[in-house]
Amino acid sequence: MDIRQAIHFEQAETLDTEGLRRHFLVEDLFAAGEIRAAYSHYDRLVLLGIRPEATPLAFSAELAKSAGVADFLERRELAVVNLGGGAARISADAEDDHVIAPFEALYIGKGAKGVSFAAVDEASPPRLYGVSAPAHASHPSRKITQEEASPQALGTTEAANKRTIYKYVHDGLLPTCQLMLGITRFEPGSVWNTMPAHLHDRRMEAYLYFDMPEDRMVVHLMGRPEATRHLIVRNEQAVISPPWSIHSGSGTGSYAFVWAMAGDNQSFADMDFVAMENLR
């Protein structure tokens with residue numbers, strides 16, 4: 001478990017490049033045959049990289065202990081999305097068994113026990129990304145296909161931001177306590193995300209960038225609008241975005257990212273937009 005403390009923007013603005021990366025960039029979330037986790041004290045969101053191969057994977061006692069419970073999901077909800085490779089078999093509560101193909105997602109409600117992750121075909125292991133947040137109530141587990149994720153085309157070729165947003169986990173589709181999750185995918189030639197930038201002090205956010213070749217990168221913009229900073233982000237690395245920070249960026253080519261949120265509300269449209277002339 002990689003623990004990331006919440007820090008004030010005044011401290012963040014004193015950090016050098018290495019300091020910013022240490023607090024806000026999760027670089028090594030995925031390893032073959034392992035579950036890796038990063039615990040953010042911003043709304044206590046946990047990021048999970050899950051790569052089952054020949055042997056199914058389950059949450060460890062150490063992971064549960066980090067949340068102060070006997071079972072990791074005792075007081076948490078979880079959303080998992082398949083980033084590619086092959087299909088995954090995710091089991092919970094003994095009788096609950098779901099096959100999740102690439103670019104499908106699964107929501108698992110508070111209190112689920114015996115959660116495990118396996119490859120349907122050992123020759124094509126899946127790459128699973130999960131996010132977990134504290135929960136106050138139990139909601140039914142549900143699989144979400146890409147078609148059910150309300151695909152919404154946005155942007156233009158001229159603005160280099162032609163993209164499709166898929167909203168997998170949100171209150172318009174299924175009940176959750178606070179989790180929201182989706183994927184934004186760019187068309188070839190488009191690179192800009194979330195510009196004009198915005199804030200939402202009611203919710204923190206995490207970005208997992210993926211579907212990039214080794215030599216591609218995204219320049220992720222963060223910080224207060226009047227004091228922006230940046231992070232260089234590579235494939236399958238995640239950024240923890242505090243509620244006081246904008247979150248925007250541009251890549252050296254097209255890419256995709258998973259956005260996930262937790263906090264006070266579940267309104268995707270709850271955004272305080274920043275005028276372009278106010279960015280510094």
Side-chain angles (χ1 to χ4, degrees), residues 1 35-50 52 56-83 87-118 120 126 128-150 166-183 202-206 208 238 258-268 270:
M1 175 68 80
I35 295 178
R36 290 190 173 182
Y39 186 113
S40 171
H41 278 271
Y42 293 110
D43 288 296
R44 300 191 179 273
L45 193 75
V46 175
L47 312 183
L48 297 155
I50 307 166
L57 299 175
F59 293 135
S60 66
E62 289 79 11
L63 189 63
K65 184 178 179 181
S66 69
V69 293
D71 190 276
F72 181 61
L73 295 184
E74 183 178 320
R75 297 179 59 83
R76 285 181 161 273
E77 57 186 353
L78 171 69
V80 179
V81 61
N82 188 339
L83 300 181
R89 178 173 287 105
I90 304 177
S91 301
D93 294 326
E95 73 283 352
D96 221 0
D97 206 33
H98 302 271
V99 173
I100 307 301
F103 310 115
E104 294 183 338
L106 178 67
Y107 170 81
I108 301 176
K110 168 185 171 290
K113 296 180 179 180
V115 177
S116 65
F117 309 89
V120 171
L128 305 175
Y129 173 61
V131 292
S132 175
H136 63 276
S138 295
H139 294 297
S141 298
R142 176 171 169 176
K143 172 181 170 177
I144 307 103
T145 66
Q146 193 173 56
E147 291 73 24
E148 293 175 306
S150 309
Y166 301 88
K167 291 184 281 187
Y168 285 85
V169 178
H170 65 101
D171 64 350
L173 183 61
L174 72 161
T176 71
C177 291
Q178 59 172 321
L179 272 182
M180 298 174 63
L181 178 144
I183 291 178
R202 284 72 57 186
R203 292 175 286 142
M204 66 82 65
E205 192 158 5
L208 186 282
V258 182
W259 45 266
M261 290 180 268
D264 273 337
N265 66 34
Q266 294 175 294
S267 172
F268 181 80
D270 182 6

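What's counted below: heavy atoms across the whole structure, side chains too, no hydrogens, waters or symmetry copies.
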List the steps, then state whether side-chain contact (heavy atoms from CB on, under 4.5 Å) holds for W259 with K167. CA-CA 9 Å; W259 45 266; K167 291 184 281 187; 3.7 Å; yes
To the nearest 0.5 angstrom, please state how far the [atom1] atom of [X] sits from the [atom2] atom of [Y].
X    : Y    : atom1 : atom2 : value
K143 : E148 : NZ    : CD    : 9.0 Å
Y39  : L45  : OH    : CG    : 10.0 Å
L128 : L57  : CG    : CG    : 9.0 Å

Smallest separation among heavy atoms of [X] and [Y], with atom names:
X    : Y    : result
A79  : L179 : N-CD1, 3.8 Å
I100 : N82  : O-ND2, 2.9 Å
S40  : M204 : OG-CE, 4.1 Å
P140 : Y107 : O-CD2, 3.5 Å
A88  : V120 : C-CG2, 3.8 Å
A87  : V99  : CB-CG1, 4.1 Å

Is the shortest heavy-atom distance from the side chain of [X] to the side chain of [Y] under 4.5 Å?
X    : Y    : result
V131 : V81  : no
M180 : R203 : yes
Q178 : P134 : yes
V115 : I108 : yes
H136 : K110 : no

Is there a donor-acceptor contact under 3.5 Å from the side chain of D93 to the main chain of K113? yes
Are any side-chain N or O atoms of E77 and backbone N or O atoms of T176, one a donor and one an acceptor, separated by less than 3.5 Å? no
For residues 66-76, which side-chain donor-acceptor pairs fall under 3.5 Å, sequence neighbours excluded?
from : atom 1 : to   : atom 2 : distance (Å)
S66  : OG     : L63  : O      : 2.5
D71  : OD1    : L73  : N      : 3.4
E74  : OE1    : A70  : N      : 3.2
R76  : NH1    : R44  : O      : 3.3
R76  : NH1    : S132 : O      : 2.9
R76  : NH1    : S132 : OG     : 3.3
R76  : NH2    : R44  : O      : 2.7

Y168 vs E104, test: side-chain contact (heavy atoms from CB on, under 4.5 Å). Steps then yes/no. CA-CA 8 Å; Y168 285 85; E104 294 183 338; 5.5 Å; no
Determine the interplanar angle of the F117 and F59 rings, folded into 0 to 90°, and report it as parallel if under 30°, tilted if 30 to 60°, perpendicular if over 60°. perpendicular
Walk me through whether L48 and V80 qualify under side-chain contact (heavy atoms from CB on, under 4.5 Å). CA-CA 9 Å; L48 297 155; V80 179; over 6 Å; no
Salt bridge check, D97 against R89: does any charged N sit closer than 4.0 Å to a carboxylate O? yes
